[in-house]
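The structure appears below as structure tokens.
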Protein chains: 2
Amino acid sequence: MSDDPETAHPQPSPFITRAWVHLMRAQQRVLGAIEQDLKTADLPPLGWYDVLLELSRATDGRLRPYEIEERTLLAQHNLSRLLDRMDKAGLVQREVYAEDGRGRWVIITEAGRSMQARMWRVYAGALQRHLGDKLNDAQADQLAELLTALSRSA
Amino acid sequence: MSDDPETAHPQPSPFITRAWVHLMRAQQRVLGAIEQDLKTADLPPLGWYDVLLELSRATDGRLRPYEIEERTLLAQHNLSRLLDRMDKAGLVQREVYAEDGRGRWVIITEAGRSMQARMWRVYAGALQRHLGDKLNDAQADQLAELLTALSRSA
DNA sequence: TTGATATAGATGCAATTGCATATATATGCG
DNA sequence: CGCATATATATGCAATTGCATCTATATCAA
């Protein structure tokens with residue numbers, strides 16, 4: 001009541017606030033739709049795809065857990081348990097990493113590669129439907145540029 | 001191997017794919033940073049703020065649960081339990097809704113209003129830091145416009 | 001009136017996440 | 001070497017989420 005919070009703390013402009021609200025809504029809406037499409041096709045969630053994709057691109061189909069972590073949006077402890085599930089499902093294997101006794105290799109299996117391919121078919125269709133049909137390439141490019149600014153030097 | 005998946009399933013263009021990756025990354029990064037700022041200030045997570053804001057704007061500070069659901073990104077069963085927690089924390093109360101025996105009122109308390117205000121101070125600062133410092137108003141406006149297209153007619 | 005169907009909200013249970021910490025190994029420094 | 005600190009990964013436990021279903025009430029049509 002007595003001091004002035006408006007000057008004490010910088011207020012985001014209405015444009016910023018609006019962008020934020022739409023960022024949350026759009027992300028949740030599109031992500032939800034894509035996850036739903038995967039589930040309908042009896043496929044695992046997107047996190048699994050991210051891991052499989054990184055592994056399938058890596059030399060010898062193998063990466064260290066921390067490398068997967070860097071390339072994806074997964075927290076260390078979540079990744080550790082996701083790998084447990086994927087291992088149990090036969091999509092990856094873990095091996096000791098000889099150069100460093102603390103390390104592990106995570107290796108994609110043939111089943112993992114084929115799962116990645118099956119998921120991509122559904123994922124690609126969902127992306128097209130939920131994003132591609134709503135933005136042209138110029139708009140998508142512009143969107144990506146603007147979003148890139150947000151991720152920098154967080 | 002034998003048929004042609006490229007023609008059978010529409011592939012999203014690289015622009016679309018890139019926009020999607022950046023959408024996920026930016027949202028997670030900014031959301032994570034904001035949540036972190038709230039936690040550091042010993043405040044509850046953003047979902048609580050969304051509910052408190054809607055209630056504080058509503059006539060008599062009260063809404064039906066399904067109205068909160070429509071205005072926020074919360075699923076019915078999650079909202080129900082969030083309201084349990086907020087009730088226990090003294091920020092809202094529930095009352096029977098006389099016109100319809102199935103319904104409830106959710107009413108913001110004074111403690112709820114002051115929590116909303118306290119959270120906004122931190123939230124506003126975080127938005128400014130994590131978004132406002134990275135986009136000017138014209139860019140934010142453009143971003144909001146592009147994202148709006150994504151939420152339409154999902 | 002009665003039964004069929006719809007709607008509002010709550011809840012049991014399993015799966016996932018977050019948080020802190022554990023374990024094992026490595027590295028650097030006196 | 002021997003200790004302090006850092007790194008890679010795993011794990012126990014509590015909180016949150018998702019899913020299905022439940023309860024209660026409302027609506028509608030025969």
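All chains are named by letter (A, B, ...) in the order of the sequence lines, taking the proteins before the strands, and each is independently numbered beginning at 1. All figures in this text were calculated on a predicted structure; none of them were measured in a lab.
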Of all the choices, [options], which nucleotide is nearest to the side chain of [X] once you look at every atom?
{"X": "A:Y66", "options": "D:dT9, C:dG9, C:dC19", "result": "D:dT9"}
{"X": "A:S80", "options": "D:dT9, D:dA10, C:dG9", "result": "D:dA10"}
{"X": "A:Q76", "options": "C:dG9, D:dA10, C:dG18", "result": "D:dA10"}
{"X": "B:R81", "options": "C:dT11, D:dT9, C:dT17", "result": "C:dT11"}
{"X": "A:P65", "options": "C:dT17, D:dT9, C:dT11", "result": "D:dT9"}

- Message: Side-chain N or O of A:R85 versus OP1/OP2 of C:dT16: is the shortest distance under 4.0 Å?
- Response: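 For C:dT16, OP1 or OP2 has a side-chain N or O of A:R85 closer than 4.0 Å.
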
- Look at the side-chain N and O atoms of A:N78 and state whether any lies under 4.0 Å from the OP1 or OP2 oxygen of C:dT16.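 Negative; the distance criterion is not met.
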
- Query: Which residue lies toward the 5' end of DNA chain D, A:Q36 or A:E69, if each is placed at its nearest nucleotide?
  - Reply: A:E69

Whole-Å gap separating [atom2] ([N]) and [atom1] ([X]):
{"X": "B:L83", "N": "D:dT16", "atom1": "CG", "atom2": "P", "value": "13 Å"}
{"X": "B:L79", "N": "C:dA10", "atom1": "CG", "atom2": "P", "value": "8 Å"}
{"X": "B:E99", "N": "D:dT25", "atom1": "CD", "atom2": "P", "value": "15 Å"}
{"X": "B:E35", "N": "D:dA15", "atom1": "CD", "atom2": "P", "value": "17 Å"}
{"X": "A:D87", "N": "D:dT9", "atom1": "CG", "atom2": "P", "value": "15 Å"}
{"X": "A:L46", "N": "D:dG18", "atom1": "CG", "atom2": "C1'", "value": "16 Å"}
{"X": "A:H77", "N": "C:dA22", "atom1": "NE2", "atom2": "P", "value": "16 Å"}
{"X": "A:R94", "N": "C:dA24", "atom1": "CZ", "atom2": "P", "value": "16 Å"}

- Query: Is it true that B:R94 and B:D84 make a salt bridge, defined as a side-chain N closer than 4.0 Å to a carboxylate O?
  - Reply: yes

- Query: Do A:R102 side-chain and D:dT9 base share a donor-acceptor contact under 3.5 Å?
  - Reply: no

- Within a strict 4.5 Å, meaning less than it, do heavy atoms of the B:R29 and A:L150 side chains meet?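 No, every pair of side-chain atoms sits at 4.5 Å or beyond.
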
- Assign A:D100 to base, sugar-phosphate, or nothing according to its heavy-atom contacts below 4.0 angstrom with the strands shown. sugar-phosphate

- Query: How are the rings of B:Y97 and B:W105 set to each other: parallel, tilted or perpendicular (split at 30° and 60°)?
  - Reply: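 It falls in the perpendicular class, over 60°.
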
- With rounding to the nearest 0.5 Å, note down the distance linking CZ in B:R62 to CD in B:Q93.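 One finds 9.0 Å between CZ of B:R62 and CD of B:Q93.
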
- Indicate whether any N or O donor in one side chain lies under 3.5 Å from an N or O acceptor in the other, for B:S114 and B:E110. no

